[in-house]
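The shown structure was predicted, so the numbers you read here are calculated from the model rather than taken from an experiment.
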Amino acid sequence: MKRIYLLFIFFSAFFLNVNAQKGISETVLSPKIKVGPGMEAVKLCDRAYFYVSYDDMGSFGVVPCNGLILVNNGEAALLDTPANDERTAMLVKWIEEGLKARLTTFIPNHWHGDCLGGLAYLQTKGVKSYANQMTIDIARKEKLPVPDYGFTDSLTVKLGDMDLCCYYPGGGHSTDNIVVWIPSEKILFGGCMVKELKATGLGNLSDAAVAEWPSTIDKVMRKYPDARIVIPGHGAYGDRELLLHTRELFQKAEK
């Protein structure tokens, strides 16, 4: 009996250590929360929720599109909307009713519909939006809803005492893509420039800055060595391994 008990203690300590090294031990056991049809969320920590919306992206079919919700003292920030106003309204209703928070802040990763598609609805709700100035310029050119405030290199947006650190590291999936770092939670929202571990290719390259992409990922890896959770634009979230995997996809392509 004693031997069995010692083995239990050993393996429990081993798995806890492995999960701690991965930096996602809190998320492994988190249940999925149904937001609505084709949309679910996962609680990452007390103040952060990952969500995925299965959206119709035209010629690409139905695609799982990721976003992040941050909550602090009754206020919420949204990083990337679902692909249209109707689905964005469904998500906002869940934030209000499920999380008991008022959405005040929105930050899109880049100008594509899986990031910016619900901005028109958010504007009717008085939500303030912050984006790369390049995103604003492209949105105007493409006759899309335009975010309120722009930046050129970096910007820290406050959600109460929580910092949302926006940074433009260079082109990648698109010329205007950014990352958002939440230092208090050690969460990095990488968006579509970061690929999930199951990805074997770089995805949609129609607006990509392919030549810049590897150096952009290198900058992100150097700037955020403490990232505990890394969220890609599509697919499963994880830790810094996603950044390394994205970089390796280019190395394989060069061979």
Side-chain angles (χ1 to χ4, degrees), residues 24 26-57 61-110 112-131 144-145 147-148 157-164 166 180-182 184-192 196 228-238:
I24 57 173
E26 290 178 295
T27 72
V28 171
L29 300 178
S30 297
K32 292 180 179 178
I33 305 165
K34 186 175 178 62
V35 175
M39 193 182 299
E40 58 194 24
V42 173
K43 184 176 181 179
L44 301 177
C45 57
D46 286 342
R47 302 197 293 179
Y49 292 78
F50 165 87
Y51 87 86
V52 57
S53 180
Y54 293 85
D55 293 338
D56 185 351
M57 301 304 295
V62 176
V63 177
C65 302
N66 298 340
L68 181 65
I69 303 159
L70 300 157
V71 180
N72 192 23
N73 293 326
E75 293 188 4
L78 177 63
L79 310 188
D80 286 0
T81 69
N84 59 48
D85 288 336
E86 181 182 2
R87 294 185 64 72
T88 300
M90 181 170 67
L91 179 62
V92 172
K93 182 179 180 182
W94 180 76
I95 292 171
E96 293 172 345
E97 297 180 358
L99 301 182
K100 308 299 182 187
R102 181 173 64 91
L103 184 62
T104 61
T105 304
F106 169 61
I107 304 170
N109 179 264
H110 59 285
H112 288 168
D114 54 355
C115 303
L116 200 63
L119 177 57
Y121 173 76
L122 296 185
Q123 289 173 334
T124 69
K125 300 279 288 184
V127 177
K128 293 181 179 180
S129 50
Y130 305 82
L144 299 171
D148 300 319
V157 178
K158 303 289 287 188
L159 186 69
D161 61 357
M162 180 189 290
D163 289 341
L164 283 58
C166 308
V180 181
W181 168 240
I182 301 91
S184 61
E185 319 303 314
K186 297 194 182 314
I187 296 175
L188 178 67
F189 187 78
C192 294
E196 68 164 328
R228 182 175 66 91
I229 297 174
V230 177
I231 300 174
H234 306 279
Y237 61 88

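Rounding to the nearest 0.5 Å places CG of L91 at 8.0 Å from CG of L103. Rounding to the nearest 0.5 angstrom, the gap separating the CG atom in L164 from the CG atom in L70 is 5.0 Å.
Side-chain contact between H112 and C192 is absent, with no heavy-atom pair separated by less than 4.5 Å. C65 is listed as a side-chain neighbour of M57, based on a closest heavy-atom distance under 4.5 Å. Looking only at side-chain heavy atoms (C-beta outward), V180 and L68 stay at 4.5 Å or farther from each other. Counting only heavy atoms from C-beta outward, the side chains of Y237 and I187 never approach each other to under 4.5 Å.
Under the side chain to side chain contact (heavy atoms under 4.5 Å, CB included) test applied with T105, the options L159, L79, L78 reduce to a single match, L159.
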Could you list the donor-acceptor pairs under 3.5 angstrom formed between side-chain atoms of residues 118-130 and any protein atom two or more places apart in sequence or on another chain?
{"residue": "Q123", "atom": "NE2", "partner": "V146", "partner atom": "O", "Å": "3.0"}
{"residue": "T124", "atom": "OG1", "partner": "Y121", "partner atom": "O", "Å": "2.5"}
{"residue": "K125", "atom": "NZ", "partner": "E96", "partner atom": "OE2", "Å": "3.1"}
{"residue": "S129", "atom": "OG", "partner": "D148", "partner atom": "N", "Å": "2.9"}
{"residue": "S129", "atom": "OG", "partner": "D148", "partner atom": "OD2", "Å": "3.2"}

Using residues 46-55 as the side-chain source, report each donor-acceptor pair under 3.5 Å to any protein atom, sequence neighbours left out, with the distance given to one decimal.
{"residue": "R47", "atom": "NE", "partner": "E185", "partner atom": "OE2", "Å": "3.1"}
{"residue": "R47", "atom": "NH1", "partner": "N72", "partner atom": "OD1", "Å": "3.1"}
{"residue": "R47", "atom": "NH2", "partner": "S184", "partner atom": "OG", "Å": "3.3"}
{"residue": "R47", "atom": "NH2", "partner": "E185", "partner atom": "OE2", "Å": "2.8"}
{"residue": "Y51", "atom": "OH", "partner": "D80", "partner atom": "O", "Å": "2.7"}
{"residue": "S53", "atom": "OG", "partner": "D55", "partner atom": "OD1", "Å": "2.5"}
{"residue": "S53", "atom": "OG", "partner": "D55", "partner atom": "OD2", "Å": "3.3"}
{"residue": "S53", "atom": "OG", "partner": "R87", "partner atom": "NE", "Å": "3.1"}
{"residue": "S53", "atom": "OG", "partner": "R87", "partner atom": "NH2", "Å": "3.1"}
{"residue": "D55", "atom": "OD1", "partner": "R87", "partner atom": "NE", "Å": "2.6"}
{"residue": "D55", "atom": "OD2", "partner": "A83", "partner atom": "N", "Å": "2.9"}

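Of all heavy-atom pairs spanning L116 and P145, the tightest one is CD2-O, 4.0 Å. When all heavy atoms of M39 and P82 are compared, the pair lying nearest together is CE-CG, 3.9 Å. Nearest approach of T81 to G117, heavy atoms of both residues: OG1-N, 3.3 Å.
Annotation: side chain to side chain donor-acceptor pair (under 3.5 Å) contacts of N66 (sequence neighbours excluded): none. Looking at residues two or more places apart in sequence or on another chain, you find no ring-ring contact (aromatic ring centres under 6.0 Å, His included) involving F106. In terms of the side chain to side chain donor-acceptor pair (under 3.5 Å) criterion, residue partners of D163 (sequence neighbours excluded) are, by chain and number, K158. Not counting sequence neighbours, the partners of K32 by the side chain to side chain contact (heavy atoms under 4.5 Å, CB included) test are E40, V42.
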>> side chain to side chain contact (heavy atoms under 4.5 Å, CB included) for V63 and D114? Distances and angles first, verdict last.
In response: CA-CA 9 Å; V63 177; D114 54 355; 6.0 Å; no
